[in-house]
Asker: 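Supplied in C-alpha cells, the structure appears directly below.
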Amino acid sequence: GRVEMLLHGTWVRVLDDQWDVNDASVVCRQLQCGEAERAYNLSKPERGTGPVGLRRVQCAGKETRLTLCNTSLPEAVPEGIAEDVGVVCSGSQRVRLVNGAGRCAGRVEIYYKGTWGTICDNSWDLSDATVVCRQLGCGVAMEAPGSAHYGEGSGQIWLDEVNCSGGEAALWDCPAEAWGQHDCRHKEDAGVVCSEFTALRLEKSDGCSGCPQVFYNGTWGSVCSNSMTADTMSLVCKQLGCGDEGFPETDLPYGRVSGPTWLDRVQCGKMNSSFWQCPFAPWKLQSCDYQQDETRIICSGSHLYLMDFVMPLMTSEACPPASPLPSC
Ligand SMILES: *[C@@H]1O[C@H](CO)[C@@H](O)[C@H](O)[C@H]1NC(C)=O
Ligand SMILES: *[C@@H]1O[C@H](CO)[C@@H](O)[C@H](O)[C@H]1NC(C)=O
Ligand SMILES: *[C@@H]1O[C@H](CO)[C@@H](O)[C@H](O)[C@H]1NC(C)=O
Ligand SMILES: *[C@@H]1O[C@H](CO)[C@@H](O)[C@H](O)[C@H]1NC(C)=O
Ligand SMILES: *[C@@H]1O[C@H](CO)[C@@H](O)[C@H](O)[C@H]1NC(C)=O
C-alpha cells in the first residue's frame, strides 16, 4: 500500500518522483514483510492528503530503515513533481473466502503481487481446503467444492493444480503450477467450507419468521431464548434483509427443542452491526439452560407479519427439529 511514516506522533506522507525498487526494499525490510516485489506511483485517488514527511528518497537498497537513506525534508526541496509512493512486499500474500455466509466458507481468493485472484479446481481437494481453513483460523475443512460453487471470480487465476499434503502452514507453500500459470476459466473457481463456518436463518418458509437457527460445525441448530432482547431480534431481521424490527411470537407456546441448540445467552447491543459480533455463551451442542427454551421471531419485513401479529395463529405448533431448509 501507500507508504507513510510516523513522525512526532503523526502519520506523514512520503513523496518521491524517482521511487524505485531499491527504496521499496528498505520499506519491506523495515516492516518485516519480506522482499519488495513492486515499487509504484499511486494513482490520484489513492494519494494521501496529510502532511508530507519525506521527499526524494534515495536508498542504496541495503539500509535497515527509510530514514537512513539519502532523503530530503519537504522544505528543503523546491516545489515540483512529487508523488505518493507505494510498495508491494512479498509478505503481503493473503487468503480469504468470499461470497459464502461468513468468513469461513466461500470462493478461495489469494492476494499476490497486489492483486486478488482465484484458484482453479483442478485436483482441488480436502487436503488443500484443510490448509486454507487452518490458515484462516476457521477450524478443519468440511468440503472443497469446485466449479465456481460460490460464484465466478474475475481477473487473475493465481493457482492451478494445487497439491497440498494438508500440513502446510500456507496455501502458497503447497506444490502447484507457477503463479498465474493455468488452463482454466473462472467457472472452475475453487471453494472451501470450514468447520467454523457459521450462518443464520429463520426457519419458516418465507425466511423472515420462525425459530432463529444457526449453522455451526456442519449442523443447523437452535438459538435459546435466554435474554432475547429487542436489539437481538432486530439485528437478526436486519442481517437477513427482513426489515428493521423483530418481535417475539408471544402467542405461541414455546416449542420443545429437538436437535442441537447451539447458542445461549445471545446479547446483541445497539453498536453491533452483525449478529456474529454479539456476545454469547461458548458454542456447545446442548446449550440452553432450559430445554423448553426457544423463541420464535417475526420480522417487520415478513409478509406473514400482519397476519400473524394482528390475528395470532390459533394453532400451537411446536418448533420443529432443525432441518436443512434453504436460508434467506
Ligand atoms: C513514477 O513516476 C515518475 C514520473 O513522475 C517516473 O519517473 C517513475 O519512474 C515512476 N516510478 C515508478 C516506480 O513507476
Ligand atoms: C544525497 O543526495 C544529494 C542530492 O541528490 C547528493 O548531492 C548527495 O551526494 C547524496 N548523498 C549521498 C551520501 O549519497
Ligand atoms: C501430489 O503429491 C503427492 C505426494 O505428496 C504425489 O504422490 C502426487 O502425484 C501429486 N499429485 C499431483 C497431481 O501432482
Ligand atoms: C464438531 O464436529 C466434530 C465431528 O463431527 C466433533 O468431533 C467436534 O467435537 C464438534 N465440535 C463441537 C464444538 O461440537
Ligand atoms: C456488541 O455489543 C456488545 C453489547 O453491547 C458489546 O459488548 C460488544 O463490544 C459489541 N461488539 C462489537 C464488535 O461491536
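This one's a predicted model, so the numbers in the text were calculated from it and none came from an experiment. Each ligand, and each atom within it, is numbered from 1 in the order the structure gives.
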Asker: Can you tell me which portion of Gln18 lies within the under-4.0 Å heavy-atom range of ligand 1? Options are side chain, backbone, both, or neither.
Answerer: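 For Gln18, there is no contact with ligand 1 at all, from either part.
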Asker: With a 2.5 Å cut-off on the SG atoms, do Cys28 and Cys33 make it?
Answerer: no
Asker: Of the options Arg2, Arg47, Arg13, which is the one that meets Asp84 in a side-chain hydrogen bond (donor to acceptor under 3.5 Å, both in side chains)?
Answerer: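 Filter result, single survivor: Arg13.
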Asker: Are any of the protein's heavy atoms under 4.0 angstrom from atom 2 (O) of ligand 5, yes or no?
Answerer: yes
Asker: So, regarding Asn41 and ligand 1 (criterion: nitrogen or oxygen to nitrogen or oxygen, under 3.5 Å), is there a contact or not?
Answerer: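 N/O-N/O distance under 3.5 Å: yes.
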Asker: Suppose I only count heavy atoms of Glu83 and a 4.0 Å limit; which atoms of ligand 1 are within that range?
Answerer: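 Listed by number with element: 1 (C), 2 (O), 5 (O).
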Asker: I'd like to check which ligand 1 atoms, numbered from 1 as shown, lie under 4.0 Å from a non-hydrogen atom of Ala39.
Answerer: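 Numbered from 1, ligand 1 contributes 13 (C).
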Asker: Gln267 to ligand 5: N or O pair under 3.5 Å?
Answerer: no
Asker: I want to check a possible cation-pi pair here: Arg94 against Tyr111, using under 6.0 Å from ring centre and within 45° of the ring axis as the test.
Answerer: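 Yes, Arg94 and Tyr111 form such a contact.
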Asker: Between Pro279 and ligand 5, which residue portion shows a heavy-atom distance shorter than 4.0 Å: side chain, backbone, both, or neither?
Answerer: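 The answer is the side chain of Pro279.
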Asker: Which of the numbered atoms in ligand 5 are under 4.0 angstrom from any heavy atom belonging to Gly269?
Answerer: 2 (O), 4 (C), 5 (O)
Asker: Does even one non-hydrogen atom of Asp17 get within less than 4.0 Å of ligand 1?
Answerer: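 Within the 4.0 Å threshold, so yes.
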Asker: Say whether Ser127 and Thr130, considering side chains only, have a donor N or O and an acceptor N or O under 3.5 Å apart.
Answerer: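 Side-chain D/A pair, Ser127 to Thr130: absent.
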Asker: Quick one: sort the Trp172 and Trp179 rings into parallel, tilted or perpendicular, breaks at 30° and 60°.
Answerer: tilted
Asker: Starting from atom 14 (O) of ligand 5, locate the nearest protein heavy atom and write down its residue, its atom name and how far away it is, to 0.1 Å.
Answerer: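 Ranked first by proximity to atom 14 (O) of ligand 5 is Asn272 ND2, 3.0 Å.
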